[in-house]
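Computed from a predicted structure; not experimentally measured. Below, each value reflects all heavy atoms present in this structure, side chains not excepted, and no hydrogens, waters or symmetry copies.
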Amino acid sequence: MQIIVCENYDQMSFQGAEIIKSILLHNPSAVLGLATGSTPIGMYGLLAEACARGEISFAAARTVNLDEYVGLGEKDSQSYVHFMRENLFDKVDVPMANTHLPNGKAADLAAECARYSALLATMPQDVQVLGLGSNGHIGFNEPGTPFDSTTYVVRLTENTIRDNSRLFEKIEDVPVRAVTMGISEIMRAKRILVMASGKNKAKAVFGMVKGKITEDCPASVLQRHADVTVVLDKDAASLL
């Protein structure tokens, strides 16, 4: 793993954006594995600005997202498809037909998981962006998830629901299930970019980087990947 420690969130976002920019400049048709949540918002903003200046283009790129809440779709302001449009897709030149997320409103969730897993098999990520849960989850792969998992419906832990409740009016509004890319599909990416900020992520960062490789800390599996860059602010790196 390459570890980059930044002074603050803004510097972390800048470093992350520079990595994605470099990938797009070398391979304009790259498959970008994308994440949601508060961590990548700054990076997405910088990428949108770079695209507006003509420094990069998403016109030939394709994207696959990690996850989506069960029961939410593009008309729901808390859905991840809405998040991606608001923070990146509507601000860059990516064709919407080239963007892919699980369908959280699918009538048959098992069939949707199979569909998305099959899609991922045809679109190996040139880079997969990951945030990091305070309990060590990546995507919505909670502690105890088998490392060989593929796209599936997960019931979120109380810890994850509590962490995500800051984005909802009240904790009762947070969906309790999600469709998530499995760990084996994350590990298929040619390169992985992990971003984390804040002291509440420090323990999970330590487990990911220096801890035992165990399903109790899903992110620890990244120690087995050949090309992982971890970009942290000082607080998230405080236990390393």
Side-chain angles (χ1 to χ4, degrees), residues 1-27 30-44 46-47 63-67 120 124-150 160 163 180-240:
M1 287 185 182
Q2 178 187 9
I3 311 296
I4 301 173
V5 179
C6 303
E7 191 67 28
N8 51 40
Y9 176 86
D10 288 343
Q11 288 188 14
M12 179 200 73
S13 299
F14 174 82
Q15 289 289 339
E18 288 300 297
I19 290 169
I20 301 301
K21 284 168 62 177
S22 176
I23 289 169
L24 282 173
L25 287 171
H26 285 90
N27 180 12
V31 176
L32 307 176
L34 301 179
T36 53
S38 56
T39 301
I41 289 177
M43 178 182 73
Y44 291 155
L46 292 171
L47 290 172
T63 73
V64 288
N65 263 75
L66 285 167
D67 40 37
L120 294 172
Q125 309 94 304
D126 290 286
V127 61
Q128 177 63 59
V129 177
L130 296 175
L132 180 66
S134 61
N135 63 358
H137 77 235
I138 48 177
F140 270 135
N141 294 286
E142 301 282 20
T145 303
F147 287 157
D148 63 354
S149 58
T150 57
T160 297
D163 284 354
T180 186
M181 191 185 295
I183 292 175
S184 70
E185 293 160 335
I186 291 171
M187 291 291 284
R188 191 184 297 151
K190 297 173 186 175
R191 183 175 185 182
I192 292 176
L193 168 61
V194 186
M195 302 172 68
S197 65
K199 285 195 173 181
N200 65 316
K201 300 295 179 71
K203 185 176 179 182
V205 167
F206 180 88
M208 172 179 65
V209 175
K210 294 187 174 182
K212 178 183 176 183
I213 299 176
T214 171
E215 292 174 356
D216 292 335
C217 177
S220 67
V221 74
L222 299 177
Q223 295 177 39
R224 295 177 176 169
H225 195 281
D227 192 351
V228 178
T229 302
V230 182
V231 185
L232 310 166
D233 70 2
K234 294 176 81 171
D235 285 342
S238 60
L239 296 180
L240 294 181

Please test N141 against I186 for side chain to side chain contact (heavy atoms under 4.5 Å, CB included), starting from the C-alpha separation and ending with a verdict.
CA-CA 10 Å; N141 294 286; I186 291 171; 3.8 Å; yes
Without swapping roles, check the side chain of E185 against the backbone of M181 for a donor-acceptor pair under 3.5 Å.
no
Nearest-0.5 Å distance, CD1 of residue I183 to OG1 of residue T150
11.0 Å
Are there more than 12 heavy atoms of other residues, nucleotides or ligands under 6.0 Å from atom NZ of K21?
yes
Just to verify, what does D67 make a side-chain hydrogen bond (donor to acceptor under 3.5 Å, both in side chains) with, not counting sequence neighbours?
none
Looking only at heavy atoms, what is the nearest atom pair of A196 and K201, with distance?
CB-CB, 4.3 Å
For the residue pair A204 and G136, what are the closest heavy atoms and their distance?
CB-N, 3.9 Å
Nearest 0.5 Å please: distance from the OG1 atom of T39 over to the CE atom of M12.
5.5 Å
Testing L34, L46, V129 for side-chain contact (heavy atoms from CB on, under 4.5 Å) with I20, which one passes?
V129
Identify the heavy atoms of S184 and D148 that sit nearest to each other, and give their distance.
OG-O, 3.6 Å
If you compare all heavy atoms of A17 against all heavy atoms of M43, which two are closest, and at what distance to 0.1 Å?
N-CG, 3.5 Å
Looking at M208 and C217, what are the two nearest heavy atoms and their distance?
N-SG, 4.1 Å
Flag side-chain contact, heavy atom, 4.5 Å: R191 against I23:
yes
Measure the shortest side-chain to side-chain distance between L24 and L47 over non-hydrogen atoms and say whether it is less than 4.5 angstrom.
no
Donor-acceptor pair, S22 side chain versus E18 backbone, under 3.5 Å?
no
Distance check, rounded to the nearest 0.5 Å: K190 atom NZ versus D227 atom CG?
11.5 Å
Please answer whether the main-chain N or O of P143 pairs with a side-chain N or O of D216 as donor and acceptor at a distance below 3.5 Å.
no
Please check if the side chain of Q2 supplies one atom and the backbone of V230 the other of a donor-acceptor pair under 3.5 Å.
no
Given the rule in the side chain to side chain contact (heavy atoms under 4.5 Å, CB included) test, do L32 and V127 qualify, once you have shown the distances and angles that lead to the verdict?
CA-CA 5 Å; L32 307 176; V127 61; 3.7 Å; yes
Could you give the distance from CG (L232) to SG (C6), rounded to the nearest 0.5 Å?
7.5 Å
Any non-hydrogen side-chain atom of T145 less than 4.5 Å from a side-chain atom of T180?
no
Rounded to the nearest 0.5 angstrom, the CG-CE distance for L132 and M195 is 12.0 Å
Are there over 12 heavy-atom neighbours, none belonging to F147, within less than 6.0 Å of that residue's CZ?
yes
Donor-acceptor contact below 3.5 Å, side chain S220 vs main chain T214
yes
Can you list the steps and then say if L222 with M187 is a side chain to side chain contact (heavy atoms under 4.5 Å, CB included)?
CA-CA 7 Å; L222 299 177; M187 291 291 284; 3.8 Å; yes
When rounded to the nearest 0.5 angstrom, what is the spacing between CG in N65 and CD in Q128?
8.0 Å
To check you understand the geometry: which heavy-atom pair defines the closest contact between S134 and N200, and what is its length?
CB-O, 3.5 Å
Applying side chain to side chain contact (heavy atoms under 4.5 Å, CB included) to V5 and K234, what does each step give before you reach the verdict?
CA-CA 6 Å; V5 179; K234 294 176 81 171; 4.2 Å; yes
Flag the pair L66 / T36 as yes when at least one side-chain heavy-atom distance between them is below 4.5 Å, and no otherwise.
no
